[in-house]
Amino acid sequence: MSFSTPDPLRPLILDDVRGAQKMLAGVARMTAMEGSRHLTQLVGAPVHLKCENLQRTGSFKLRGAYVRIAGLRPEEKAAGVVAASAGNHAQGVALASSLLGVRSTVFMPVGAPLPKVAATREYGAEVVLHGTVVDETLAAAEAYARETGAVFIHPFDHPDIIAGQGTVGLEILEQCPEVRTILVGIGGGGLAAGIAVAVKAVRPDVKVIGVQAAASASYPPSLAAGHPVAIDPAPTMADGIKVGRPGDVPFGLIKELVDGVRTVTEDELSSALLLCLERAKLVVEPAGASPVAALLSDPGAFRGPVVAVLSGGNVDPVLLQRILRHGMAAAGRYLSLRLRLPDRPGALAALLRSLSVVDANVLDVSHVRTDPRLGLTEVEVELHLETKGPEHCLEVGAALREEGYQVIS
């Protein structure tokens with residue numbers, strides 16, 4: 001199976017996805033399907049997590065990349081391949097090329113996370129750092145393809161790529177035959193389109209719902225217009241689905257087969273990532289957690305059993321730390337307070353004893369003595385506390401006020 005150029009008029013069918021599945025035998029893992037008791041209780045129906053974050057290279061991208069490169073003609077393989085990516089697609093192309101004995105060059109932005117750059121090199125690609133944004137990196141990769149004859153491997157806008165990603169849908173039907181709703185993150189649309197092609201051909205009653213970060217949601221305006229519309233995506237922690245324009249090939253399939261596209265906020269994304277880590281013990285990147293964010297934002301909207309596709313788990317540790325803090329704040333697990341105390345020995349110790357009584361964990365304390373609003377014998381203390389949730393935050397504030405402390409914020 002191979003399509004030499006993206007052809008929106010050539011229909012992608014179930015046989016294409018089944019052919020891709022045979023090609024991927026022994027290459028891509030059938031990733032685990034894990035039940036989630038917490039989400040099941042929240043939704044009121046069984047919820048399962050399709051763990052593509054545990055796929056080789058840490059995301060579903062290997063599937064499409066391997067099918068695309070394996071389908072090249074011998075002379076195309078001899079010329080090598082080139083791709084542009086800040087992360088998951090880069091690693092998928094690098095490993096697929098190595099497995100197939102094809103030379104690969106991957107252009108990545110200068111600011112790409114070092115673990116992703118290192119992993120791409122370790123999978124066998126020559127990495128070229130170019131540009132500060134993905135558009136510049138993409139332009140450099142396309143120029144390289146024109147100059148050298150290397151085949152450009154698009155991350156989502158090609159039928160072979162979509163057929164490979166669609167194998168996730170076949171696995172879902174095998175692992176959870178009673179599924180009624182599938183939630184999947186959408187960037188360019190390759191994964192959602194592939195899943196929809198596979199699932200709708202076998203089970204047209206199953207709802208396939210796409211999820212985008214609200215800050216960079218290009219599909220809702222595109223679907224409303226009836227054709228791909230370019231937007232200027234705002235910054236989002238879900239960089240894996242931050243795409244300014246849908247792909248022509250996946251857009252046509254999503255328009256025809258996908259039952260709806262929902263958006264989620266940054267707070268919902270970080271809360272979902274935190275839930276995956278704490279409750280499911282799974283490291284998931286923000287884009288991969290977007291289906292869980294949709295469940296958290298509107299749990300009653302989906303008919304169960306529900307399968308949420310965790311599309312990837314490649315998250316930079318520094319970013320993960322920041323996202324977890326954001327998620328804990330969004331969940332009411334952090335509390336920041338400013339109080340005024342008498343500036344005398346023992347005042348702070350008494351305050352900390354009061355906090356220990358209500359079981360609040362002090363993370364940080366800072367003093368301000370030079371504010372003109374303060375009296376001569378006053379000090380302002382800023383506290384950052386870890387709490388058990390919104391109700392505990394209210395309990396902490398009420399206890400301090402009962403003790404006579406002046407809580408400013």
Side-chain angles (χ1 to χ4, degrees), residues 27-29 31 51-66 68-69 81-99 102-142 144 152-156 161 164-165 185 187-188 190-191 213 216 233 235-244 269-270 273 276-277 282-290 309-324 326:
V27 175
R29 299 178 180 136
T31 52
C51 299
E52 282 296 289
N53 59 310
L54 303 180
Q55 183 57 260
R56 297 178 70 178
T57 75
S59 88
F60 69 97
K61 289 287 190 178
L62 171 65
R63 298 173 183 263
Y66 187 91
R68 173 76 173 104
I69 297 169
V81 299
V82 60
S85 168
N88 290 345
H89 181 59
Q91 294 173 65
V93 168
L95 179 57
S97 299
S98 293
L99 293 173
V102 176
R103 184 179 70 257
S104 64
T105 303
V106 176
F107 284 73
M108 304 182 76
V110 172
L114 293 179
K116 294 184 179 181
V117 174
T120 304
R121 287 191 172 121
E122 287 170 9
Y123 286 129
E126 178 185 350
V127 174
V128 179
L129 299 178
H130 182 93
T132 57
V133 296
V134 173
D135 286 345
E136 295 173 355
T137 308
L138 179 63
E142 291 174 331
Y144 178 91
F152 180 68
I153 306 300
H154 199 283
F156 50 81
I161 294 285
Q165 321 303 31
L191 177 60
S216 58
T236 173
M237 67 178 72
D239 57 349
I241 51 174
K242 181 183 175 183
V243 175
L269 285 165
S270 59
L273 188 148
C276 288
L277 186 63
L282 292 168
V283 177
V284 183
E285 62 191 89
S290 58
V309 180
L310 307 182
S311 58
N314 291 318
V315 57
D316 180 65
V318 175
L319 176 62
L320 178 61
Q321 185 179 38
R322 286 169 28 208
I323 292 170
L324 290 177
H326 187 276

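When a residue number appears, it is its place in the shown sequence, counting from 1.
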- Task: Give, for atom CG of Leu95 and atom CD of Gln55, the distance between the pair rounded to the nearest 0.5 Å.
- Result: 9.5 Å
Listing, residues 116-125 side-chain donor-acceptor contacts under 3.5 Å, not counting sequence neighbours, or none:
unit_1: Lys116; atom_1: NZ; unit_2: Asn314; atom_2: O; d: 3.3
unit_1: Thr120; atom_1: OG1; unit_2: Lys116; atom_2: O; d: 2.8

- Item | Reported CG-to-CG distance for the pair Leu310 and Leu273, which is rounded to 0.5 angstrom | 10.0 Å
- Message: Run Val283 and Leu277 through side-chain contact (heavy atoms from CB on, under 4.5 Å) and show every step you take.
- Response: CA-CA 6 Å; Val283 177; Leu277 186 63; 4.0 Å; yes
- Query: Quick one: CG on Leu191 to OG on Ser311, what's the gap to the nearest 0.5 Å?
  - Reply: 6.5 Å
- Note on the structure: Tightest non-hydrogen contact, residues Ala96 and Ile69, listed as CB-CD1, 4.1 Å
- Task: Over all heavy atoms of both residues, which pair between Pro109 and Ser85 is shortest? Give the atoms and the distance, please.
- Result: CD-O, 3.7 Å
- Note on the structure: The reported gap from CD in Glu142 to CZ in Phe107 (rounded to nearest 0.5 angstrom) is 11.0 Å
- Which value, rounded to the nearest 0.5 Å, describes the distance between Ser97 atom OG and Ile153 atom CD1? 7.0 Å
- Query: Just by distance, do the side chain of Arg29 and the backbone of Leu54 share a donor-acceptor pair under 3.5 Å?
  - Reply: yes
- Task: Write down the atom of Glu285, the atom of Gly313, and the distance for their closest heavy-atom approach.
- Result: OE1-N, 3.2 Å
- Evaluation steps, side-chain contact (heavy atoms from CB on, under 4.5 Å), between Lys61 and Gln165: CA-CA 7 Å; Lys61 289 287 190 178; Gln165 321 303 31; 4.2 Å; yes
- Query: Considering all heavy atoms of both residues, which atom of Gly87 and which atom of Met108 are nearest to each other, and what is their separation?
  - Reply: N-CE, 4.2 Å
- Note on the structure: Heavy-atom closest pair (Leu269 atom, Met237 atom, distance to 0.1 Å) is CB-SD, 4.0 Å
- Pairwise side-chain contact, Phe60 with Val309, heavy-atom cut-off 4.5 Å (strictly under): no
- Item | Heavy-atom side-chain contact between Leu99 and Arg56 under 4.5 Å | yes
- Identify, with sequence neighbours excluded, every residue that meets ring-ring contact (aromatic ring centres under 6.0 Å, His included) alongside Tyr66. none
- Return the minimal non-hydrogen interatomic distance between Val284 and Cys276, and the atom names on each side. CG2-CB, 4.0 Å
- Item | Criterion side-chain contact (heavy atoms from CB on, under 4.5 Å) on Arg68 and Val81, from CA distance to verdict | CA-CA 10 Å; Arg68 173 76 173 104; Val81 299; over 6 Å; no
